[in-house]
**Student:** 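My questions all concern the structure below.
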Amino acid sequence: MRIGLAGAGRIGSRHAETLRALPSVESFVVADPDAGRAHRIAEEYGGLVADSVDALFDAGLDGLVVAAATDAHAELVTRAARAGLPTFCEKPLANDNIGTLQVVQAVRATGTPVHVGFQRRFDAGHVALREAIAAGRLGRLHTVRSCTLDPAPPPAAYVRVSGGIFRDCAVHDIDAVRFVTGRQVVEVTASGANKGEDYFAESGDVDTCAALLTLDDGTLAIISETRYNGAGYDVRFEALGSKDSLAAGFGEQTPLTAVDGGSAAGALGALPCQGFLERFGPAYEAELAAFARVVAGQADSPCPPEEALEGFYVAEACDRSRRERRTVTIEEVRQ
């Protein structure tokens with residue numbers, strides 16, 4: 001098959017490397033507003049270059065991977081769906097809930113499969129937790145905890161257009177909670193703080209946040225995010241039940257050191273992951289392999305647009321809760 005790649009930035013480059021290695025992908029075609037970046041990726045990974053989006057869509061594609069700037073996602077996904085072109089799109093589908101809903105409706109009308117890239121659904125630890133919970137190994141699940149702790153903040157220009165920490169960052173933890181537990185979020189209570197650069201507050205954002213999510217079976221989920229985790233990049237998911245407790249993402253590279261004499265990840269000498277591309281490398285490979293099966297008609301989308309929309313409703317509720325200092329139900333924000 002021939003796959004199109006829209007976007008030649010960091011994640012686009014990572015996807016190009018994966019596409020080259022997939023046995024079912026015979027070739028890929030890359031397009032990017034920065035022609036130099038597109039040519040570099042094509043040269044490094046053996047792809048072809050399209051000099052425009054129109055040329056990309058005319059390149060005889062079997063599927064499309066969207067790794068372009070966020071503000072291009074909605075148009076690219078909608079155009080591909082209307083052309084009957086199966087599409088993988090990095091989150092988000094659009095900048096806001098209304099735009100996401102419009103994309104969902106447009107895709108639904110075509111019947112074209114779309115796979116939204118929440119890579120934690122393909123992380124071995126998260127998958128193992130989901131299976132353990134479904135099998136009843138933990139007994140009655142009472143608490144789950146998920147965190148995304150970045151070692152350094154993004155630049156001010158990014159923060160201004162990111163949509164805020166809940167929509168940009170915490171949405172991954174929100175999707176992980178929904179995926180791992182198999183439950184829906186019904187209400188949230190969230191808060192945030194600014195102790196870092198002024199540009200977060202100037203953008204109406206925060207650099208650190210936490211939220212308590214109540215699931216539809218009464219399970220409590222706690223998510224935590226920061227842009228300033230000095231120990232290093234840290235993404236973990238913990239599931240606590242009446243029979244057992246399990247964790248994903250806790251190992252030699254976890255930037256956490258015990259101070260009571262016990263062994264802990266940070267005490268074992270391994271350097272923490274440098275960022276999401278290293279932490280979730282195998283997951284990125286697995287999700288594109290899954291997308292290839294979708295393109296081949298061998299599987300349904302493992303994360304359709306409707307799933308992304310539900311996660312963004314929760315993120316919107318969290319941001320509203322933070323701003324208004326109250327508990328917010330998901331039904332309040334549902335379109």
Side-chain angles (χ1 to χ4, degrees), residues 1-7 11-12 15 19 24-25 28-31 33 50 52-119 121-122 161 163 167-168 171-172 174-175 178-179 182 184-185 216 287-317 330-335:
M1 63 180 66
R2 171 173 283 189
I3 302 296
L5 175 60
I11 192 62
H15 288 329
L19 290 171
S24 60
V25 177
F28 73 89
V29 185
V30 59
S52 68
V53 171
D54 289 340
L56 183 64
F57 275 87
D58 289 338
L61 305 179
D62 297 296
L64 176 67
V65 173
V66 176
T70 295
D71 58 5
H73 289 190
E75 181 180 355
L76 287 168
V77 172
T78 300
R79 179 173 179 177
R82 289 172 176 164
L85 196 62
T87 300
F88 173 92
C89 181
E90 287 294 343
K91 71 87 185 165
L93 285 172
N95 287 317
D96 54 28
N97 286 342
I98 294 177
T100 303
L101 179 59
Q102 291 172 341
V103 175
V104 169
Q105 292 171 336
V107 169
R108 187 182 295 152
T110 69
T112 304
V114 171
H115 174 181
V116 182
F118 283 101
Q119 82 279 3
R121 290 176 176 238
F122 295 89
V161 298
R167 299 181 189 89
D168 174 57
V171 70
H172 281 290
I174 291 166
D175 185 74
R178 297 181 64 251
F179 171 75
Q184 299 296 328
V185 180
D216 57 8
E287 69 177 356
L288 278 198
F291 175 61
R293 293 191 290 272
V294 172
V295 175
Q298 299 169 348
D300 295 331
S301 169
C303 187
E306 290 82 358
E307 284 288 285
L309 179 61
E310 286 300 316
F312 269 74
Y313 283 149
V314 179
E316 170 67 24
I330 306 308
E331 289 306 311
E332 289 184 55
V333 301
R334 190 179 300 280
Q335 302 290 331

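Please read these numbers as outputs of a predicted model, since none were measured by experiment.
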**Student:** Work out which heavy atom in G7 is nearest to a heavy atom in V30; give both atom names and the distance.
**Tutor:** O-CG2, 4.3 Å

**Student:** Could you list the donor-acceptor pairs under 3.5 angstrom formed between side-chain atoms of residues 53-72 and any protein atom two or more places apart in sequence or on another chain?
**Tutor:**
residue : atom : partner : partner atom : Å
D54     : OD1  : R79     : NH1          : 2.9
D54     : OD1  : R79     : NH2          : 2.9
D62     : OD2  : R2      : N            : 2.7

**Student:** Between atom CD1 of I174 and atom CD of E310, what is the distance when rounded to the nearest 0.5 Å?
**Tutor:** 11.5 Å

**Student:** Do other residues, nucleotides or ligands put more than 12 heavy atoms under 6.0 Å from Q335 CD?
**Tutor:** yes

**Student:** Can you say whether the rings of H115 and F122 are parallel (under 30°), tilted (30 to 60°) or perpendicular (over 60°)?
**Tutor:** tilted

**Student:** Kindly list each side-chain donor-acceptor pair under 3.5 angstrom involving residues 101-112, sequence neighbours excluded, with atom names and distances?
**Tutor:**
residue : atom : partner : partner atom : Å
R108    : NE   : E306    : OE2          : 3.3
R108    : NH2  : E306    : OE2          : 3.3
T110    : OG1  : V107    : O            : 2.8
T110    : OG1  : T112    : N            : 3.1
T110    : OG1  : T112    : OG1          : 3.2
T112    : OG1  : A81     : O            : 2.7

**Student:** Give the minimum heavy-atom separation between L5 and G12, together with the two atoms involved.
**Tutor:** CD2-O, 3.4 Å

**Student:** Just distance, no hydrogens or angles: give the donor-acceptor pairs under 3.5 Å from side chains in residues 83-95, sequence neighbours left out.
**Tutor:**
residue : atom : partner : partner atom : Å
T87     : OG1  : L85     : O            : 2.9
E90     : OE2  : H15     : NE2          : 2.6
K91     : NZ   : D168    : O            : 2.5

**Student:** Apply side-chain contact (heavy atoms from CB on, under 4.5 Å) to the pair E316 and E332, showing each step before the final yes or no.
**Tutor:** CA-CA 10 Å; E316 170 67 24; E332 289 184 55; over 6 Å; no

**Student:** Answer whether the closest heavy-atom distance between the side chains of P302 and V294 falls below 4.5 Å.
**Tutor:** yes

**Student:** Backbone N or O of N97 within a donor-acceptor pair of the Y313 side chain at under 3.5 Å?
**Tutor:** no

**Student:** For E331, check side-chain hydrogen bond (donor to acceptor under 3.5 Å, both in side chains) against everything at least two apart and list the hits.
**Tutor:** R334

**Student:** What closest approach, in Å, do M1 and A296 show between heavy atoms, and which atom pair accounts for it?
**Tutor:** CE-CB, 4.0 Å

**Student:** Ring pair (Phe, Tyr, Trp, His ring centres under 6.0 Å) with F312: which residues, sequence neighbours excluded?
**Tutor:** none

**Student:** Does E287 have any side-chain hydrogen bond (donor to acceptor under 3.5 Å, both in side chains) partners at least two apart in sequence or in another chain, and if so, which?
**Tutor:** none

